[in-house]
A.B. asks: 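Quick one: structure below, then a few questions.
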Amino acid sequence: MTRRTMLLLGLVVLGVPLAAPWIAPFDPELQLDIVALRSLPPSSAHWFGTDSYSRDVFSRVLHGSRVTLSIALAAVSLLLLMGTAYGALTALAPRVISNALRRALDLFLSVPRILVLLALSAFIGPLAVWQLVLLVGFTGWFAVARQVTDALDALLVEDFALAARALGVRSSRLVWRHLLPHLLPLLAVSATFAVASTIALETTLSYLGMGVQPPEASWGAIMRDGASAMTSEWWMTLFPGLATMAVTMACNALGDALRPPRAASQVAS
């Protein structure tokens, strides 16, 4: 598959949530008929079946993609900002401070993120959407900080950076005007992979009842609605799961398409 094909495929899949209001045949929270249309399997009238409240699952999956992707994009924006700032500070700080920041980053990276999220979610309780964004964002910037630090370490020994520092350019201006443009491709690729992992995390937390709460639709919340009858109402977990997998693969394909060949070894999923 060519880079252009992967790019187009990723953009098409990620563009579906934008069209959800026009594609979805029903309101995602509308109870169609609590008696006659309750827990129906997939059919020509309801492609993904209906849930125990007679809501159309296809419509809920489409609208849930907007909720899930919005949370992921907001959280990734936050973690990119924090990771870039920490990485720049680490690379440009005096040696003693820089070494301390690097050791602290090693410590942060050694702790499994999912365990931190589960522990904080259990302590705080069910999370509002804005709390979920902050929680995912504040626990996800460590890998970006490491990538930015390593990239800046390499850039700071380049001739243009050495010349700028010799001319007395302030560190803030050096980062903003001279170094950040070189980081944009790396940050763009990191963002796509971070969106994929954040979608999986949000789905997991919502499935466990710690994320998006009913009646609002998200993929994890939809799967949670069908968890009690997974064998008899299999469509409740199958289709949101397939949607999660499709969008995750689209983000990864988009990241591969955007990644320069020489940066292949610098960006980890």
Side-chain angles (χ1 to χ4, degrees), residues 1-25 28 42 47-48 56-81 83 113-114 117 129 132-133 136-137 139-141 143-144 147 184-207 211-212 216-224 226 235-261 263-269:
M1 186 180 295
T2 64
R3 295 165 65 89
R4 178 175 295 182
T5 302
M6 290 191 298
L7 179 62
L8 290 176
L9 178 62
L11 292 176
V12 168
V13 173
L14 293 177
V16 170
L18 299 177
W22 297 275
I23 299 175
W47 293 354
F48 290 1
D56 182 71
V57 176
F58 178 65
S59 300
R60 288 181 62 76
V61 169
L62 284 176
H63 282 271
S65 66
R66 295 167 64 88
V67 176
T68 299
L69 196 56
S70 296
I71 292 173
L73 291 175
V76 168
S77 299
L78 177 61
L79 68 87
L80 282 178
L81 179 62
R113 185 184 182 189
I114 186 63
L117 287 170
V129 171
L132 188 59
V133 169
V136 173
T139 58
W141 56 268
V144 174
Q147 292 168 6
L184 291 180
L186 172 65
L187 294 177
V189 176
S190 298
T192 58
F193 289 118
V195 167
S197 63
T198 301
I199 287 173
L201 285 172
E202 187 279 326
T203 301
T204 300
L205 291 175
S206 295
Y207 177 78
V212 176
E216 191 169 13
S218 78
W219 291 333
I222 296 170
M223 287 190 282
R224 185 178 73 246
W235 56 90
M236 291 290 295
T237 53
L238 174 63
F239 293 116
L242 289 176
T244 302
M245 183 176 66
V247 172
T248 300
M249 292 177 63
C251 290
N252 289 334
L254 187 59
D256 286 333
L258 293 174
R259 180 169 55 188
S265 62
Q266 297 177 354
V267 181
S269 60

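Residue numbers run from 1 in the order of the sequence given.
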A.B. asks: Taking the side chain as every heavy atom from C-beta outward, state whether L80 and W141 have any pair of such atoms under 4.5 Å apart.
C.D. replies: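 No, too far: nothing below the 4.5 Å cut-off.
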A.B. asks: Any idea which heavy atoms bring A75 and T198 closest together, and the distance?
C.D. replies: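 Nearest pair, atom of A75 first, then T198: CB-CG2, 4.1 Å.
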A.B. asks: Indicate every side-chain donor-acceptor pair of residues 237-251 with a distance under 3.5 Å to a residue at least two apart or in another chain.
C.D. replies:
residue, atom, partner, partner atom, Å
T237, OG1, W234, O, 3.2
T244, OG1, P240, O, 2.9
T248, OG1, T244, O, 2.7

A.B. asks: Considering residues at least two apart in sequence or located in another chain, which fulfil the side-chain hydrogen bond (donor to acceptor under 3.5 Å, both in side chains) criterion with T192?
C.D. replies: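 T192 satisfies side-chain hydrogen bond (donor to acceptor under 3.5 Å, both in side chains) with no residue once adjacent residues are dropped.
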A.B. asks: Looking only at heavy atoms, which two atoms of V67 and S218 are closest? And how far apart?
C.D. replies: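 Minimum heavy-atom separation between V67 and S218: CG1-CB, 4.1 Å.
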A.B. asks: Specify the closest pair of heavy atoms between L79 and A194, including all atoms of both residues, with the distance to one decimal.
C.D. replies: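 L79 and A194 have their closest heavy atoms at CD1-CB, 4.3 Å.
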A.B. asks: Heavy atoms only: give me the nearest A196-N252 pair and the separation to one decimal.
C.D. replies: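 That closest heavy-atom pairing would be CB-OD1, 3.8 Å.
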A.B. asks: Hey, what do you get for CZ (F193) to CG (L254), rounding to the nearest 0.5 Å?
C.D. replies: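 That separation rounds to 9.0 Å.
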A.B. asks: Considering only heavy atoms from C-beta outward, does the side chain of V136 approach that of I71 to under 4.5 Å?
C.D. replies: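 Side chain of V136 against side chain of I71, heavy atoms only: no contact under 4.5 Å found.
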A.B. asks: For M223 and T203, work out which heavy atoms get closest and say how close.
C.D. replies: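 Looking at all heavy atoms of both residues, the closest pair is CE-CG2, 3.1 Å.
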A.B. asks: Hey, could you give me each pair passing side chain to side chain donor-acceptor pair (under 3.5 Å) that has a residue in residues 62-81? Not counting sequence neighbours.
C.D. replies: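 Sorted result for residues 62-81: T68-E202.
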A.B. asks: Quick check: closest heavy atoms across A217 and I222, and the distance to 0.1 Å?
C.D. replies: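 Closest pair (atom of A217, atom of I222, distance): CB-CD1, 4.5 Å.
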A.B. asks: What distance separates W47 CH2 from S59 OG, expressed to the nearest 0.5 Å?
C.D. replies: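 Reported to 0.5 Å precision, the distance equals 10.0 Å.
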A.B. asks: How long is the span from the OG atom in S197 to the CD1 atom in I114, to the nearest 0.5 Å?
C.D. replies: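 That separation rounds to 10.5 Å.
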A.B. asks: Would you call W219 and V61 a side-chain contact if the rule is heavy atoms closer than 4.5 Å?
C.D. replies: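 Touching, per the 4.5 Å side-chain cut-off.
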A.B. asks: Roughly how far, to the nearest 0.5 Å, is the CG atom of L73 from the CG atom of L69?
C.D. replies: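 CG of L73 is found 4.5 Å from CG of L69.
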A.B. asks: Kindly compute the distance separating OG1 (T139) from CG (L201), expressed to the nearest 0.5 Å.
C.D. replies: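 Answer rounded to 0.5 Å: 7.0 Å.
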